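If you read the sequence from its start, that first residue is 1, and numbering goes on from there. Hydrogens, waters and symmetry mates play no part in the numbers below; they use all other heavy atoms, side chains included. If you're wondering where the values come from, they're calculated on a predicted model, not measured in any experiment.
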Amino acid sequence: QVCAQLCRRPCYCPWVPPRCPRGSPLVLDGCGCCRVCARRLGEPCDFLHVCDQSQGLICDYSTGTAGTCNFEDDEEGCEVNGRLYREGEVFQPSCKLQCRCLGGGFTCVPLCQEDVRLPTPDCPYPRRVDIPGKCCPEWICEAGDRPLLQDAGAGK
């Protein structure tokens, strides 16, 4: 009965669909009538203004009379840099880190070696430098006045 009151037939939708913010897809409203921007985590929602189900969001009314987009109780996720990840999903926020969403938070492991290079006779002044086009820094050896590029595994 509530649906019948909210949903008018025939549909009266704007000719031009709305322009949605980045990360918010166009979806059908609660009446299945007009295309609207899906609401994101923490945004207000109601029967007509639906949450982004592709991100596992539902309209949660547990905090009061107004609805707010939130994860379903049985499904946890995490948000990193404005992007939502599902429970157990593996992602790389940068080329140097690989992370996994766990229990509403995330854990990460480095993808670059964090080895230590001690001075040796053939490499008296080892130094880590960023190399253009490569993600992880590499060791260089300054022997005298000219730097020598060394493989990260050399000298072990």
Side-chain angles (χ1 to χ4, degrees), residues 13-30 32 34-46 48-64 66-156:
C13 304
W15 281 101
V16 179
R19 289 183 53 132
C20 298
R22 192 171 144 154
S24 180
L26 268 176
V27 295
L28 287 177
D29 63 18
C34 300
R35 294 192 304 170
V36 295
C37 298
R39 299 293 172 104
R40 297 178 288 183
L41 183 64
E43 291 184 337
C45 57
D46 55 33
L48 288 174
H49 303 94
V50 296
C51 299
D52 187 355
Q53 290 181 342
S54 70
Q55 294 289 323
L57 300 176
I58 60 161
C59 196
D60 181 6
Y61 292 95
S62 64
T63 57
T68 304
C69 289
N70 206 345
F71 288 107
E72 290 186 67
D73 287 340
D74 63 341
E75 184 176 337
E76 292 191 26
C78 49
E79 182 177 358
V80 180
N81 296 329
R83 172 120 192 263
L84 297 173
Y85 296 94
R86 294 184 186 274
E87 178 72 14
E89 187 174 352
V90 175
F91 60 97
Q92 278 187 246
S94 76
C95 62
K96 296 180 182 185
L97 287 175
Q98 179 172 301
C99 303
R100 178 184 297 267
C101 179
L102 287 172
F106 57 94
T107 56
C108 300
V109 293
L111 295 175
C112 297
Q113 288 185 354
E114 295 296 327
D115 57 341
V116 174
R117 177 106 191 234
L118 298 174
T120 58
D122 64 325
C123 184
Y125 306 106
R127 206 166 43 99
R128 283 185 86 121
V129 295
D130 291 324
I131 307 293
K134 292 200 174 188
C135 176
C136 299
E138 293 187 11
W139 286 104
I140 63 164
C141 294
E142 293 184 356
D145 60 345
R146 82 174 221 262
L148 304 169
L149 185 62
Q150 293 285 318
D151 181 81
K156 287 188 177 179

Worksheet entry | Residues which pass salt bridge (charged side-chain N to carboxylate O under 4.0 Å, His left out) with Arg128, listed by chain and number, not counting sequence neighbours |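 For Arg128, the residues satisfying salt bridge (charged side-chain N to carboxylate O under 4.0 Å, His left out) (neighbours in sequence not counted) are Asp115.
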Discussion item. Applying salt bridge (charged side-chain N to carboxylate O under 4.0 Å, His left out), can you list everything that pairs with Arg39, at least two apart in sequence or on another chain?
Written reply: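 Once residues adjacent in sequence are excluded, Arg39 has no partner under the salt bridge (charged side-chain N to carboxylate O under 4.0 Å, His left out) criterion.
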Could you check if a side-chain atom of [X] sits within less than 4.5 angstrom of a side-chain atom of [Y], using non-hydrogen atoms only?
X      : Y      : answer
Val109 : Leu97  : no
Val36  : Val27  : yes
Val129 : Pro137 : no

Practice prompt. Quick one: closest heavy-atom pair of Tyr85 and Cys101, and the distance?
Written response: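 Taking every non-hydrogen atom into account, O-SG, 3.7 Å.
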Item to complete: Please report the closest heavy-atom contact between Arg100 and Gly88, naming both atoms and the distance.
Response: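 Heavy atoms of Arg100 and Gly88 come nearest at NH1-O, 3.2 Å.
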Worksheet entry | Residue list, side chain to side chain donor-acceptor pair (under 3.5 Å) with Ser54, at least two apart or on another chain |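 Counting only residues at least two positions away or on another chain, Ser54 forms a side chain to side chain donor-acceptor pair (under 3.5 Å) with Asp52.
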Practice prompt. With sequence neighbours excluded, tell me which residues meet side chain to side chain donor-acceptor pair (under 3.5 Å) with Asp29.
Written response: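 With sequence neighbours excluded, Asp29 shows a side chain to side chain donor-acceptor pair (under 3.5 Å) to no residue whatsoever.
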[atom1] of [X] to [atom2] of [Y]: how many Å apart, nearest 0.5 Å?
X      : Y      : atom1 : atom2 : result
Thr68  : Ile58  : OG1   : CD1   : 11.0 Å
Trp139 : Arg127 : CH2   : CZ    : 10.5 Å
Arg22  : Arg40  : CZ    : CZ    : 10.5 Å

Fill in: Donor-acceptor contact present, side-chain Ser24 to main-chain Ala38, <3.5 Å
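A pair under 3.5 Å: yes.
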Practice prompt. Return the set of residues passing side chain to side chain contact (heavy atoms under 4.5 Å, CB included) with Leu111 (not counting sequence neighbours), or none when no residue passes.
Written response: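 Expected list: Gln92, Gln98.
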Worksheet item: Under the side chain to side chain contact (heavy atoms under 4.5 Å, CB included) test, which residues partner Pro14, sequence neighbours left out?
Response: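 None.
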Discussion item. Pair Tyr61, Asn70 - check side-chain contact (heavy atoms from CB on, under 4.5 Å), show working.
Written reply: CA-CA 10 Å; Tyr61 292 95; Asn70 206 345; over 6 Å; no
Discussion item. Set out, in order, the CA-CA distance, both residues' side-chain angles and the distance that settles disulfide bond (SG atoms under 2.5 Å apart) for Cys69 and Cys45, then state yes or no.
Written reply: CA-CA 6 Å; Cys69 289; Cys45 57; 4.0 Å; no
Worksheet item: Hey, are Thr120 and Asp122 close enough side-chain-wise for a donor-acceptor pair under 3.5 Å?
Response: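 Checked: Asp122/Thr120 side chains pair up, N/O donor to acceptor below 3.5 Å.
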Below 2.5 Å, is that where the SG pair of [X] and [Y] sits?
X      : Y      : answer
Cys51  : Cys59  : no
Cys95  : Cys135 : yes
Cys112 : Cys136 : yes

